[in-house]
Amino acid sequence: MTRPNPISGFPEWAPAQRMIEQRVIDRLRETFELHGFAPLETRAVEPMDQLLRKGETSKEVYVLRRLQADAEDPSDSGLGLHFDLTVPFARYVLEHAGKLQFPFRRYQIQKCWRGERPQEGRYREFLQADIDIVDRDALCPHYEVELPLVIADAFAGLPIPPIRMHVNNRKLSQGFYQGLGLAGPMAAIRVVDKLDKIGPAAVADQLRDALGASEEQAKACLALAEIRASDASFADAVRALGVSDPLLDEGLAELVAVVEAAAEHAPGLVVADLKIARGLDYYTGTVYETVLVGHESIGSVCSGGRYDNLASAGDVRYPGVGLSIGVSRLLGRLFGRDLLTVSRPSPTCVVVALPDEGDRVRCMRVAAALRGRGIPAEVAPAAAKYGKQIRFADRRGIPYVWFPGPEGEPDAVKDIRSGEQVEADAATWQPPAEDRRPRIAGA
RNA sequence: GUGGUUGUAGCUCAGUUGGCAGAGCACCGGGUUGUGGUCCCGGGGGUCGGGGGUUCAAGUCCCCUCAGCCACCCCA
C-alpha cells in the first residue's frame, strides 16, 4: 500500500488546529444565538441553475454525478456543491417562506466548496460562518447597522487582533458613476475595487481603456475611491466632487446612517471606505469588508452586504442583509503567522498513572470520578515505570499525573510543569480553571 | 483556470563536475529495579513527492505528473 497523498485545496488540520477551530466555532455560535439568530443547516447540494443564477462562474462549482449512471440516466444529476451559504439560504427562504416568521434571522456554519486554485487561507473546501436577516417586501435599514455589531461582538471574544470593517454602499457607487455619465457602472466598481492592489495610475488606465472613460471621469472615479472616513464627513467630500444623481443621494444617506450608528455603538469599528466594492453582483446596498488591524495583509476575513433581489417569488420579495466569516481563510492565515495557538494538543487534563495492570479497575474509577466533575482524564496505556508514564503526559502537554496511593494511603497528583506534588482525593480535587481545558491564545 | 517557485528522515536542512543518502533536533532502548526533563551509551527509521527518459551509473540532467507556496483571476 503506497502512502496516500493530500488533495490540493482540501486541508486536514492537526488536532491542535482543529481544537482551535472548534473553540472559534463555539464562540461564534454562542454569540450568534445571544443575538437571537436561529441555527440553520442547508443541504450541501443545490440545483445547478440555482447556483449559476447569480454571479458565480460554472468552473468554480463542483458538480455531483452518480458513478453508476446507465445509458438512459444522464450522468449529470443537475446538482452541485454550494460555493457559499447565501445562495442556499435564499433558496431555503423561498421554499419555506410559509413556515418562517419575518423578519427572520439565522446563522449557518457549514463547509462550502469552490474549485479555485488553492493558496494559504484559500481552499477548495472551507468553512464559512454566516449571519443573515431577511424580511418580506421591505427590510429596515437599521439591520445594516446591527450585523457589524454582532460580528464585532463575536470577534471580540477571540484572542485575535481587533477588527475594522470597511463599508460602502452600492447605490452610492453606482449613482456616482451614473451621474458621471460612465457606461457600465458595475464594471467601473470592479476596476476601482483594485485600487489598493494596482494603484491609481493603473485604475485610471483600465477605466479609460476598458470602459472608455474620459480623463475627467477617471479622475473623478479616483477621487471618489480615495474618500475614507470614520464619521459622516465623507458625505461632504463626495458632494464636493459635484456629481448629482438620485441613486447617489440615496446611497449617501444610507451610508451616513450606518456610519453614524456604528460610531455610536462601537466607536472605531466601522470606517466608510468608498473604494470597497465586493465582487458579487447581487449586492444592492451596504457592502462590508473586514480586516484585522495591524494584519491587513491577511485580507478580508468577513464580508457581505445587503441584497434586495436574491430571493423573490412572483411579486413577493425577500430582501436581506448578511455577513460571512471565512473561518478557514482566517484560521489558515493566522496559523501561517503563528498568531493563534492552543495551550496543549490534547484535551486531557490528568493522566492517571497505572502502578500495575491489576490496578486498572481502581485507576479507571479515579478517572471516572474526575470526569464526573468535568475534568478530562485518561488512564495511562501501560503499567510502565513512573518516569515513562510522566513522559507520556509531558509529550502530550498534559499538565497533571495522578498517582494512586498504595492500599490505605491517599492518592497524589503532580503538576509536571512545576514538579509540585500534593495529596489528593479524586472526589474533590480541582485543577486551576486555566488548566481544565485547552485554551486558545493569540501571539 | 494561467504563469512562477519549492519538494531529501517526524521537524529544520546539507548533499561537490552525475559515483555507496547525511547532520542537528525529535523518537525508541539502556545507564537509572515506579517520579520525567540534564548528561552518557546504543538503536530504529528514507517510494530523495510520483512516473517515465538519458547514462556503465541519477537526489543531481530532460519530460510528464502530484502537492505546498506566490502572482493573476476570483473571493471566504
Side-chain angles (χ1 to χ4, degrees), chain A residues 1-12 14 24 28 55-61 82-87 108-130 151 190-191 193-194 197-198 202 276-283 287-291 297-305 322-336 351 353-357 359 380 382-406 412-422:
Chain A
M1 177 85 172
T2 53
R3 189 160 64 170
N5 293 315
I7 299 175
S8 184
F10 291 79
E12 295 183 310
V24 170
L28 297 179
E56 217 65 15
T57 62
S58 55
K59 278 180 193 170
E60 293 173 341
V61 175
H82 58 229
F83 53 80
D84 73 1
L85 299 177
T86 309
V87 169
Q108 212 171 327
I109 303 175
Q110 280 180 251
K111 285 281 176 67
C112 297
W113 296 267
R114 212 174 277 190
E116 290 179 308
R117 183 95 113 192
Q119 287 178 27
E120 180 189 72
R122 174 180 156 159
Y123 309 107
R124 291 179 163 173
E125 178 178 70
F126 55 95
L127 189 69
Q128 209 171 328
D130 275 40
I151 294 294
R190 281 171 193 268
V191 172
D193 194 39
K194 297 187 206 169
K197 202 172 270 182
I198 64 177
I276 299 299
R278 298 281 83 217
L280 297 171
D281 50 14
Y282 50 66
Y283 294 127
V287 289
Y288 312 87
E289 199 163 283
T290 310
V291 295
S297 65
I298 284 176
S300 178
V301 297
C302 171
S303 59
L323 276 166
S324 332
I325 299 173
V327 178
S328 300
R329 159 178 281 196
L330 172 68
L331 294 183
R333 294 188 175 170
L334 289 176
F335 292 159
V351 167
L354 188 63
D356 183 89
E357 192 52 42
D359 293 308
K385 289 194 291 187
Y386 277 178
K388 278 191 70 171
Q389 302 200 45
I390 291 170
R391 205 163 58 196
F392 173 90
D394 191 33
R395 295 278 150 76
R396 290 163 177 75
I398 298 167
Y400 296 96
V401 176
W402 191 280
F403 297 105
V413 66
K414 178 189 181 93
D415 180 336
I416 64 173
R417 296 159 300 187
S418 64
E420 189 193 352
Q421 185 167 329
V422 295

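Keep in mind that the numbers below use all heavy atoms, side chains included, and drop hydrogens, waters and symmetry copies. A, B, ... follow the sequence lines: proteins, then strands. Residue 1 opens every chain.
Between B:G59 and B:G7, the two P atoms lie 15 Å apart (nearest whole Å). Taking atom C1' in both B:U55 and B:G19, the straight-line distance is 12 Å, to the nearest Å. Nucleotides B:U12 and B:A26 have their P atoms positioned 15 Å apart, rounded to a whole Å. Spacing between B:U6 and B:G10 at atom P, rounded to whole Å, works out to 23 Å. A distance of about 15 Å separates the C1' atoms of B:C69 and B:G49, rounded to the whole Å. Using atom C1' as the reference point in both B:C48 and B:C39, the two lie 34 Å apart (nearest Å). Comparing the same atom, C1', in B:A58 and in B:G15 gives a spacing of 14 Å after rounding to whole Å. Separating the C1' atom of B:G46 from that of B:C13 is a span of 15 Å, rounded to the nearest Å.
Taking the side chain of A:Ile416 as heavy atoms from C-beta on, and the options B:C70, B:G34, B:G36, the nearest nucleotide is B:G36. The side chain of A:Arg391 has B:G29 as its nearest neighbour among B:U35, B:C69, B:G29. Side-chain proximity of A:Lys414 to the nucleotides B:C70, B:C74, B:G36 is greatest for B:G36. For A:Asp394, whose side chain is taken as the heavy atoms from C-beta onward, the closest listed nucleotide among B:C74, B:G36, B:U33 is B:G36. You'll find that the side chain of A:Arg114 is closest to B:C75, out of B:U47, B:C70, B:C75. Nearest to the side-chain atoms of A:Ser8 among the listed nucleotides B:A67, B:C28, B:U35 stands B:A67. Each of B:G29, B:U33, B:C27 was ranked by its minimum atom distance to the side chain of A:Arg395; first place goes to B:C27. In the set B:U35, B:C75, B:A71, the nucleotide with an atom closest to the side chain of A:Gln119 is B:A71.
Atom C1' of nucleotide B:C73 and atom NZ of A:Lys197 are separated by 9 Å, given to the nearest angstrom. Between A:Arg396 atom CZ and B:A26 atom P the separation is 17 Å, expressed in whole Å. Atom CZ in A:Arg333 sits roughly 12 Å away from atom C1' in B:C69 (whole-Å rounding). As a whole-Å value, the separation of A:Asn5 CG from B:G7 P is 17 Å. Note: CZ (A:Phe403) to P (B:U35) measures 9 Å, nearest angstrom. The interatomic distance linking A:Asp356 (CG) with B:G34 (P) rounds to 11 Å, in whole Å. Rounded to a whole Å, the CD atom of A:Glu116 is 13 Å from the C1' atom of B:U2. Atoms CD (A:Glu12) and P (B:A67) sit 13 Å apart, rounded to a whole Å.
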*Intra- and inter-strand pairs of RNA chain B in dot-bracket (Watson-Crick or G-U wobble, both distances under 3.5 Å; | for another strand)*: (((((((..((((.....[..)))).(((((.......))))).....(((((..]....))))))))))))....
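Within the nucleic acid shown, A:Gly304 has no heavy atom closer than 4.0 Å to any nucleic acid atom. Heavy atoms of A:Ala383 sit nowhere under 4.0 angstrom from any nucleic acid atom. A:Phe392 comes within 4.0 angstrom of no nucleic acid atom, judged by non-hydrogen atoms across all strands.
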*Walk me through it: do A:Val291 and A:Val301 pass the test side chain to side chain contact (heavy atoms under 4.5 Å, CB included)?*
CA-CA 6 Å; A:Val291 295; A:Val301 297; over 6 Å; no
*CA sep, side-chain torsions, deciding dist, call: A:Tyr123, A:Phe10, ring-ring contact (aromatic ring centres under 6.0 Å, His included)*: CA-CA 6 Å; A:Tyr123 309 107; A:Phe10 291 79; 9.7 Å; no
*Checking side chain to side chain contact (heavy atoms under 4.5 Å, CB included) for the pair A:His82/A:Trp113: CA distance, chi angles, key distance, verdict?*
CA-CA 6 Å; A:His82 58 229; A:Trp113 296 267; 3.8 Å; yes
*asked:* Pair A:Tyr400, A:Asp415 - check side chain to side chain contact (heavy atoms under 4.5 Å, CB included), show working.
replied: CA-CA 5 Å; A:Tyr400 296 96; A:Asp415 180 336; 3.7 Å; yes
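Every residue meeting the side chain to side chain donor-acceptor pair (under 3.5 Å) condition with A:Glu120, not counting sequence neighbours, appears here in chain and number order: A:Arg337. By the side chain to side chain contact (heavy atoms under 4.5 Å, CB included) test, A:Glu12 is found to be paired with no residue, residues two or more places apart in sequence or in another chain being considered.
A donor-acceptor contact under 3.5 Å is not formed by the side chain of A:Gln389 with the base of B:U35. At a cut-off of 3.5 angstrom, counting only N and O atoms as typed in the model, there is no donor on one side facing an acceptor on the other between the side-chain of A:Arg122 and the base of B:C69. Contact of A:Arg117 with B:C73 (side chain to base): no donor-acceptor pair of N or O atoms is detected under 3.5 Å.
Side-chain N/O atoms of A:Lys385 include one lying less than 4.0 angstrom from OP1 or OP2 on B:U33. Between A:Lys194 and B:C73, a side-chain N or O to OP1/OP2 separation shorter than 4.0 Å is present.
Cation-pi geometry between A:Arg395 and A:Phe392 is not met: the NZ or CZ atom fails to fall both under 6.0 Å from the ring centre and inside 45° of the normal.
The minimum heavy-atom distance between A:Ala129 and A:Val327, with the atom names listed, is CB-CG2, 3.9 Å.
Mapping A:Leu330 and A:Phe10 onto RNA chain B by nearest heavy atom places A:Phe10 at the nucleotide closer to the 5' end. Comparing A:Gly419 and A:Ser328 along RNA chain B, the residue whose closest nucleotide (by nearest heavy atom) sits nearer the 5' end is A:Gly419.
Results of the side chain to side chain contact (heavy atoms under 4.5 Å, CB included) test with A:Asp130 over A:Ile325, A:Leu85, A:Ile109 single out A:Leu85 as the only residue that passes.
By the 6.0 Å contact criterion, CD1 on A:Ile198 is enclosed, its count of non-hydrogen atoms from other residues, nucleotides or ligands being greater than 12.
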